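The structure appears right after this line, and notes come after that.
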Protein chains: 2
Amino acid sequence: MARTPRSGPYICGIDAALDVVSGKWKGLILWELDAHRVRRFSELRRGLPGVTEKMLTQHLREMEKDGLVHREVYAEVPPRVEYSLTEHGHTLNQALGPLGAWGTQRIRREGSEVVDVPAP
Amino acid sequence: MARTPRSGPYICGIDAALDVVSGKWKGLILWELDAHRVRRFSELRRGLPGVTEKMLTQHLREMEKDGLVHREVYAEVPPRVEYSLTEHGHTLNQALGPLGAWGTQRIRREGSEVVDVPAP
DNA sequence: TGCGGTACTTACCTTTTTGTAAGGAGCGGC
DNA sequence: GCCGCTCCTTACAAAAAGGTAAGTACCGCA
């Protein structure tokens, strides 16, 4: 998604919402953070099979800028950084609920493969 | 979004749903078709300020393949083609409802510009 | 001394998506 | 005859998104 011509002008709410969720891993990041409340960088990486460190940081930074996730850095060695959903991130996730249900139906209809990621 | 490695494997429903809605104009197309029930190609084009004919056909074809829109061709001269939502397209739109509301809130929060498209 | 673990950044390259411009088929109107 | 209308298609070009690989800094452990 474009980063520069960001933040509108939007034609409708869908537009504005899709803007913050579209990105290869954002849906999953939201899902992971919602399921676990708090996750460290490496936990997220392990939770998203195939994501690279670069993409993960990039997406997390964008979501932070969009006010969806909170980033807490602990000045320790080795470093520890914890990510969690903000209030807005949480409400977004709730708004995504029906969409997720629709998607699940679609998967069922199409008989597409689904990769199941076991929640630890 | 990728067209070739389509239809999964998906990790969750959100994933599957976002796959069919991500595309620069898909949200708006859905919105237009939901608001007017039936629209001709040229009406859609006029309804989506800035869309090119190529992108519009491309997106409509993908959405047709995804079972979201129905395409009715009338063998007339000049040609007439009417687009409408299928049952799945309709339920998708309903599932997008909460997301749209969230987006509207976000726009309000951020004070982003919104381009209002007058519904004819 | 060298390796592993953490959480990144940076430079570079490939793939995907979007845009630009042009053409086409058939008919009515001037 | 030529223009305009409709709904596209095609070739090409630009922009954006994603991916690869390497490097950084600090410490504990063997």
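All values reported here derive from a predicted model rather than from experimental measurement.
We find that NE2 of His59(A) is positioned 15 Å from P of dA16(D), with the value rounded to whole Å. Atom C1' of nucleotide dT9(D) and atom CG of Leu56(B) are separated by 14 Å, given to the nearest angstrom. When the C1' atom of dA16(D) is taken as reference, atom CE of Met55(A) falls 11 Å away, rounded to whole Å.
Pairing each heavy atom of Leu92(B) with each of Trp102(A), the nearest pair is N-NE1, 3.2 Å. Across all non-hydrogen atoms, the minimal contact from Pro49(A) to Ile11(B) is CG-CD1, 4.2 Å.
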Pick out the pairs of N or O atoms, protein on one side and nucleotides 6-15 of chain C on the other, that lie under 3.5 Å.
| from | atom 1 | to | atom 2 | distance (Å) |
| --- | --- | --- | --- | --- |
| dT6(C) | O3' | Arg40(A) | NH2 | 3.0 |
| dT6(C) | O3' | Pro79(A) | O | 3.0 |
| dA7(C) | OP1 | Arg40(A) | NE | 3.1 |
| dA7(C) | OP1 | Arg40(A) | NH2 | 3.0 |
| dA7(C) | OP1 | Val81(A) | N | 3.4 |
| dA7(C) | OP2 | Ser42(A) | N | 3.1 |
| dA7(C) | OP2 | Ser42(A) | OG | 2.9 |
| dC8(C) | OP1 | Arg61(A) | NH2 | 2.9 |
| dC8(C) | OP1 | Arg71(A) | NH2 | 2.3 |
| dC8(C) | OP2 | Tyr83(A) | OH | 2.7 |
| dC8(C) | N4 | Glu53(A) | OE1 | 2.0 |
| dT9(C) | OP1 | Arg61(A) | NH1 | 2.9 |
| dT9(C) | OP2 | Arg61(A) | NH1 | 3.3 |

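Put simply, Tyr83(A) and Trp31(A) are part of two different groups of oily side chains (I, L, V, M, F, W, Y) that touch within less than 4.5 Å, one to the next. Transitive grouping of hydrophobic side chains (ILVMFWY, heavy atoms separated by less than 4.5 Å) brings Leu99(B) and Val21(B) into a common cluster.
Between Ile29(A) and Arg39(A), the closest side-chain pair of non-hydrogen atoms is not below 4.5 Å.
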